[in-house]
Amino acid sequence: RYAEEETARLGIRLRCIVTTNLTLLDETKAAWLRGHGFHVGLSLDGNEAMHDTLRRTASGAPSHADCAAALRFYQGQDANGEVIVVIDPANIAHLPDSIEWLIGQGIRRISINPNFTAAWNAASREQWSAAYREMAASWADSFRRLDPVRINVLDGRVRTRINGGY
């Protein structure tokens, strides 16, 4: 509330962003976020094989089923929602299938966030390159079907770095 009041007073546009797996989001919280102009990014690494490679609960259980259920709720709340996919040497082999899975779920805005701090050896870098080629084919197919998908592979990271993040 303070940020809203101060930015309004100063004539500055406030852009609020939250990234979450949405598993604790309910209608009341979603309404509050919408009412305050929040952009919500869903952290979901794609299909079960990719997501559960890195995204486990505190007890070590897989989390994909809960996040996929949250995705369905999220889509009903924000038609322009964005899914954020983290890629890592441990899950990169699943990226093309995960992008296809997300597109099949109706997702039309995807941001790919590479884990640049991971140990990307020559083999994993080649997998990354191959995965991006396959992903590009899926992207092009979406335009041919006149149902375009936005896949951001770098802009967010560059913007964050320029603004002093990471």
In sequence, state the C-alpha distance, the side-chain angles, and the governing distance for I87 and W128, and then conclude on side chain to side chain contact (heavy atoms under 4.5 Å, CB included).
-> CA-CA 9 Å; I87 59 172; W128 187 353; 3.4 Å; yes
Could you check whether any side-chain heavy atom of [X] comes within less than 4.5 Å of a side-chain heavy atom of [Y], counting everything from C-beta outward?
{"X": "R55", "Y": "S43", "value": "yes"}
{"X": "P62", "Y": "R56", "value": "yes"}
{"X": "I17", "Y": "F38", "value": "no"}
{"X": "I110", "Y": "I99", "value": "yes"}

Among residues at least two apart in sequence or on other chains, which ones pass side chain to side chain contact (heavy atoms under 4.5 Å, CB included) with [X]?
{"X": "R125", "value": "W120, A122"}
{"X": "T28", "value": "D26"}
{"X": "W101", "value": "L44, N47, H64, A68, L71, Q105"}
{"X": "T117", "value": "N115"}

Only pairs under 3.5 Å count here: list side-chain donor-acceptor contacts from residues 89-96, not counting sequence neighbours, and write none if there are none.
unit_1 : atom_1 : unit_2 : atom_2 : d
N91    : OD1    : D88    : N      : 2.8
N91    : ND2    : V86    : O      : 3.1

Go through the structure and list residues passing salt bridge (Lys or Arg N to Asp or Glu O under 4.0 Å) with [X], not counting sequence neighbours.
{"X": "E100", "result": "none"}
{"X": "R145", "result": "none"}
{"X": "R9", "result": "E6"}
{"X": "D147", "result": "R108"}

Heavy-atom pair with the smallest gap, counting every atom of [X] and [Y]:
{"X": "Y132", "Y": "I112", "result": "OH-CG2, 3.4 Å"}
{"X": "S63", "Y": "T57", "result": "CB-CG2, 4.2 Å"}
{"X": "C67", "Y": "N21", "result": "SG-CB, 3.7 Å"}
{"X": "F143", "Y": "V149", "result": "CE1-O, 3.9 Å"}

Hey, could you give me the [atom1]/[atom2] distance between [X] and [Y], rounded to the nearest 0.5 Å?
{"X": "D66", "Y": "H51", "atom1": "CG", "atom2": "NE2", "answer": "8.5 Å"}
{"X": "S98", "Y": "M135", "atom1": "OG", "atom2": "CE", "answer": "11.0 Å"}
{"X": "S142", "Y": "I151", "atom1": "OG", "atom2": "CD1", "answer": "6.5 Å"}
{"X": "H36", "Y": "C16", "atom1": "NE2", "atom2": "SG", "answer": "8.5 Å"}

Output the rest of the hydrophobic cluster of I12: all Ile, Leu, Val, Met, Phe, Trp and Tyr residues reachable through side-chain heavy-atom contacts under 4.5 Å, sorted by chain and number.
->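 ILVMFWY cluster around I12 also holds L10.
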Members sharing L24's hydrophobic cluster (side chains within less than 4.5 Å) | none
Check each of L33, L42, T20 against L25 using the side chain to side chain contact (heavy atoms under 4.5 Å, CB included) test, and report the only one that passes.
->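 Answer after filtering L33, L42, T20: L33.
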Quick one: salt bridge (charged side-chain N to carboxylate O under 4.0 Å, His left out) pairs with a partner in residues 126-137, sequence neighbours left out?
->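 Listed by first then second residue: E126-R133.
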Path from I103 to M50 over hydrophobic side-chain contacts below 4.5 Å =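 Hydrophobic grouping puts I103 with M50.
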Using the rule that two of Ile, Leu, Val, Met, Phe, Trp, Tyr join whenever any of their side-chain heavy atoms come within less than 4.5 Å, decide whether I84 and L102 are in one cluster.
->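 Per the 4.5 Å side-chain linkage, I84 and L102 are not co-clustered.
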Between S124 and N121: side-chain donor-acceptor atoms closer than 3.5 Å | yes
